[in-house]
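Worksheet for the structure shown next.
In each ligand, atom 1 is the first atom listed, and ligand 1 is the first ligand listed.
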Amino acid sequence: MKSDSKENFDLRKFFPDEEQRRIFAKVFDRSTISAVHSLASKGYFDVLEFVISTGKEAHVFRAVDSAGHFRAVKIYKIETTDFKHMSKYLEGDVRFQGVKKNRRDLIYAWARKEFKNLLLLNKAGVRAPLPIAFKDNVLVMEFIGEKGQASPILKEKPAKDVKKVHTALVDFVARMLFKVELIHADLSEYNLLNKGEELVLIDCGQAVLNSHPMAKSFFERDIANISKYLNRHGFKTTEEALTEEIRSKKSLFKK
Ligand SMILES: Nc1ncnc2c1ncn2[C@@H]1O[C@H](COP(=O)(O)OP(=O)(O)OP(=O)(O)O)[C@@H](O)[C@H]1O
Ligand SMILES: [Mg+2]
């Protein structure tokens with residue numbers, strides 16, 4: 001009971017809301033609490049206000065810092081059922097060679113990988129959340145939303161002008177490929193936020209460098225998803241045409 005009360009004490013500090021505290025305590029272990037503690041003590045956020053999304057692999061919270069700035073805090077579940085698929089994206093990425101294969105180390109590497117990928121996306125000029133900090137399985141990043149309301153995914157809120165989606169996606173993929181040699185590898189209407197008609201690319205843990213042995217097939221899958229989305233929304237194109245448009249940007253973006 002003693003350790004219980006300590007846990008409750010710590011959690012109460014980060015989760016003033018009882019319901020949110022209960023959600024967290026059900027899913028996360030002590031080491032996650034200590035990572036949350038460590039990031040909060042450095043001032044990256046003050047409290048975790050509520051869950052924006054509960055998924056198979058991660059929960060995303062809206063947090064707020066002492067100055068009242070919102071943050072998004074993504075916490076990967078250590079007990080994620082799908083951790084084995086992560087090694088496919090980690091092995092073969094030269095930045096992550098030698099990562100141990102146990103569940104915890106893989107998930108920590110995944111969070112670190114998402115942080116680094118977000119840095120690269122921002123460097124390339126792709127609109128994506130600015131990464132702020134990470135510790136173990138906890139990632140703090142820019143909150144994407146308006147007036148405190150998290151932006152919906154493109155799947156839930158299709159863009160008013162599909163032509164703009166086409167232009168933005170060709171630009172995003174070309175910048176990623178030619179400026180920082182990155183393939184998103186899970187590009188779809190589920191991982192794009194529609195922030196007042198501006199597209200924001202999220203969920204970058206799986207993104208790999210172009211030197212990854214499976215980079216080509218990941219790239220082709222991304223293009224196929226984009227093509228399907230655009231055609232379904234009335235913008236007629238093909239995978240070949242999209243690939244060609246992206247290639248034609250090479251001289252613009254290549255260093
Ligand atoms: N920076 C952010 N700002 C606002 N909302 C966010 C942000 N990052 C993620 N979200 C919200 O959280 C949801 C899940 O995030 P994300 O796609 O990164 O996780 P995921 O890996 O798909 O999680 P899972 O597969 O476990 O559902 C998003 O669909 C979005 O609603
Ligand atoms: Mg996602």
Side-chain angles (χ1 to χ4, degrees), residues 20 23-24 26-28 32 36 39 44-45 47-65 68-90 103 106-122 126-134 136-159 169 172 176 182-208 218 221-222 225-226 229:
Q20 301 301 316
I23 294 173
F24 181 93
K26 220 161 64 184
V27 186
F28 297 105
T32 303
V36 164
L39 288 163
Y44 293 116
F45 57 84
V47 296
L48 295 156
E49 300 175 294
F50 55 82
V51 163
I52 303 170
S53 154
T54 55
K56 282 197 310 293
E57 290 168 13
H59 286 201
V60 177
F61 291 88
R62 190 184 85 175
V64 64
D65 74 4
H69 301 124
F70 296 128
R71 304 274 182 251
V73 178
K74 184 169 181 178
I75 309 183
Y76 284 98
K77 293 197 259 182
I78 301 297
E79 294 311 318
T80 170
T81 45
D82 233 6
F83 88 99
K84 284 205 177 105
H85 97 276
M86 291 177 166
S87 49
K88 186 164 90 188
Y89 296 85
L90 281 160
R103 185 186 285 271
L106 271 179
I107 290 160
Y108 288 2
W110 193 260
R112 186 155 56 91
K113 187 157 173 276
E114 176 147 35
F115 182 90
K116 284 180 171 239
N117 286 338
L118 286 172
L119 274 182
L120 284 178
L121 289 182
N122 278 281
V126 173
R127 183 68 181 102
L130 267 171
I132 296 170
F134 70 94
D136 299 342
N137 54 328
V138 183
L139 168 66
V140 186
M141 61 184 142
E142 177 191 358
F143 173 78
I144 305 297
E146 291 170 287
K147 297 185 181 130
Q149 185 84 35
S151 296
I153 54 175
L154 189 61
K155 168 79 188 167
E156 282 165 6
K157 186 170 188 271
L169 292 182
F172 282 6
M176 279 194 273
L182 200 67
I183 314 282
H184 185 279
D186 195 13
L187 194 46
S188 78
E189 61 270 39
Y190 291 91
N191 286 328
L192 286 156
L193 300 183
N194 180 349
K195 183 186 174 192
E197 299 305 308
E198 175 196 28
L199 287 190
V200 185
L201 184 56
I202 61 162
D203 205 359
C204 305
Q206 70 294 319
V208 297
F218 294 152
R221 192 175 60 192
D222 283 351
N225 286 343
I226 296 174
Y229 180 85

I need the nearest protein heavy-atom contact for [atom]: residue, atom name and distance, please.
atom: atom 7 (C) of ligand 1; result: A72 CB, 4.1 Å
atom: atom 12 (O) of ligand 1; result: S53 CB, 3.3 Å
atom: atom 1 (N) of ligand 1; result: E142 O, 2.9 Å
atom: atom 15 (O) of ligand 1; result: V60 CG2, 3.7 Å
atom: atom 8 (N) of ligand 1; result: M141 CE, 3.6 Å
atom: atom 11 (C) of ligand 1; result: I52 CG2, 4.1 Å
atom: atom 28 (C) of ligand 1; result: I202 CD1, 3.6 Å
atom: atom 4 (C) of ligand 1; result: I144 O, 3.3 Å

Legend entry - Working for side chain to side chain contact (heavy atoms under 4.5 Å, CB included), residues K155 and Y229: CA-CA 9 Å; K155 168 79 188 167; Y229 180 85; over 6 Å; no
Kindly confirm or rule out an N or O of [X] lying under 3.5 angstrom from an N or O of ligand 1.
X: D203; value: yes
X: K56; value: yes
X: N191; value: yes
X: A58; value: yes
X: Y76; value: no

Rounded to the nearest 0.5 Å, what's the gap from [atom1] on [X] to [atom2] on [Y]? Could you check?
X: C204; Y: M141; atom1: SG; atom2: CE; answer: 8.5 Å
X: N117; Y: R112; atom1: CG; atom2: CZ; answer: 11.5 Å
X: F28; Y: I23; atom1: CZ; atom2: CD1; answer: 10.0 Å

Inset, instruction - Please answer whether the main-chain N or O of I202 pairs with a side-chain N or O of H184 as donor and acceptor at a distance below 3.5 Å. - result: yes
Inset, instruction - State whether the side chain of Q20 and the backbone N or O of V51 hold a donor-acceptor pair below 3.5 Å, judged by distance alone. - result: yes
Numbering the atoms of ligand 1 from 1, which are under 4.0 Å from a heavy atom of [X]?
X: I153; result: 29 (O)
X: E57; result: 26 (O)
X: G55; result: 24 (P), 26 (O), 27 (O)
X: P129; result: 1 (N)

Inset, instruction - Please work out which of the three classes, parallel, tilted or perpendicular, describes the rings of W110 and Y76, given edges at 30° and 60°. - result: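 It falls in the perpendicular class, over 60°.
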Inset, instruction - Please work out which of the three classes, parallel, tilted or perpendicular, describes the rings of H85 and Y89, given edges at 30° and 60°. - result: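 Y89 and H85: perpendicular rings.
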Legend entry - Part of K74 with heavy atoms under 4.0 Å of ligand 1, whether side chain, backbone, both or neither: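 Side chain only.
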Inset, instruction - Just let me know how T54 lines up against ligand 1, side chain, backbone, both or neither, with a heavy-atom cut-off below 4.0 Å. - result: neither
Inset, instruction - Determine, for E189 against K157, whether the closest basic-nitrogen to carboxylate-oxygen distance falls under 4.0 angstrom. - result: no
Legend entry - Angle at the Mg ion (ligand 2) (to 10°), with one arm to OD2 of D203 and the other to OD1 of N191: 80°
Legend entry - Member of N225, L201, D222, L199 meeting the side chain to side chain contact (heavy atoms under 4.5 Å, CB included) criterion with L169: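 Exactly one candidate clears the test, L199.
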Legend entry - Residue that, paired with P129, satisfies side chain to side chain contact (heavy atoms under 4.5 Å, CB included) out of R71, E142, K74, E114: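 With P129 as partner, side chain to side chain contact (heavy atoms under 4.5 Å, CB included) holds for just one option, E142.
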Legend entry - side chain to side chain contact (heavy atoms under 4.5 Å, CB included) assessment of R103 paired with E79: CA-CA 8 Å; R103 185 186 285 271; E79 294 311 318; 4.2 Å; yes
